[in-house]
Amino acid sequence: IDDFGIGYSSLTYLRRFPVDTLKIDRSFVIDIATSDRARHLVGSMVDLGHNLGLEVVAEGVEDEATLALLRDLGCDRAQGYVIGRPRPATDIVSAAGV
């Protein structure tokens with residue numbers, strides 16, 4: 001479930017659809033280094049995902065401090081500028097030798 005926690009992604013989706021990954025929206029992730037409330041909320045989302053047997057991905061990870069906190073919270077994967085900048089698919093395919 002992409003952008004979990006905002007818009008039309010609801011807890012109902014976790015019950016209704018056969019999902020294997022919960023992707024936490026960047027709007028929750030961006031403040032975890034400076035806000036206890038944000039950190040607890042993201043930690044709860046990670047725990048919820050794991051309790052349901054889902055892989056949890058955090059999006060919008062832009063600095064090492066946030067990445068370290070996500071590791072401490074047990075988040076499985078992260079995406080964002082600290083991991084790598086967006087690139088055209090053709091660059092990635094050619095770099096992989098495909």
Side-chain angles (χ1 to χ4, degrees):
I1 298 176
D2 193 18
D3 297 332
F4 181 73
I6 66 165
Y8 291 103
S9 68
S10 97
L11 290 171
T12 304
Y13 290 179
L14 294 174
R15 187 180 54 174
R16 269 195 196 162
F17 301 116
V19 298
D20 57 10
T21 305
L22 183 72
K23 190 172 177 186
I24 301 171
D25 187 75
R26 75 180 302 278
S27 63
F28 295 104
V29 173
I30 201 159
D31 295 330
I32 67 168
T34 58
S35 167
D36 287 342
R37 186 176 210 143
R39 190 167 39 259
H40 292 300
L41 188 56
V42 169
S44 295
M45 290 178 177
V46 170
D47 290 344
L48 174 65
H50 288 163
N51 287 334
L52 294 172
L54 305 176
E55 179 179 51
V56 180
V57 180
E59 66 177 30
V61 183
E62 298 184 0
D63 56 61
E64 292 292 336
T66 301
L67 183 59
L69 286 167
L70 287 165
R71 283 185 183 127
D72 290 345
L73 293 172
C75 190
D76 301 304
R77 297 187 186 274
Q79 71 177 58
Y81 287 156
V82 73
I83 307 295
R85 298 278 181 180
R87 294 173 34 194
T90 54
D91 289 355
I92 295 168
V93 170
S94 64
V98 176

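These values consider heavy atoms only, across backbone and side chains, with no hydrogens, waters or symmetry-generated copies.
With a 4.5 Å cut-off on side-chain heavy atoms, L52 and V19 do not count as touching. Between T66 and V82 there is no side-chain heavy-atom pair separated by less than 4.5 Å.
The shortest non-hydrogen separation linking E59 to D25 is OE2-OD1, 3.1 Å. Between Q79 and V57 the shortest heavy-atom distance is OE1-CG1, 4.4 Å. Here the closest heavy-atom approach between residue A78 and residue V61 is recorded as CB-CG2, 3.8 Å.
Counting only residues at least two apart or on different chains, the side chain to side chain donor-acceptor pair (under 3.5 Å) pairs with a member in residues 40-53 are H50-D76.
Legend: residues meeting side chain to side chain contact (heavy atoms under 4.5 Å, CB included) with L41, ordered by chain and number and at least two apart, are F28, M45. Every side chain to side chain contact (heavy atoms under 4.5 Å, CB included) that R71 has, sequence neighbours left out, goes to L67.
I83 contributes atom CD1, which lies 11.5 Å from atom CD of E62 (distance to the nearest 0.5 angstrom). Remark: L73 CG to I32 CD1 distance equals 5.5 Å, nearest 0.5 Å. To the nearest 0.5 Å, the span separating CG on L69 from CG on D72 amounts to 6.0 Å.
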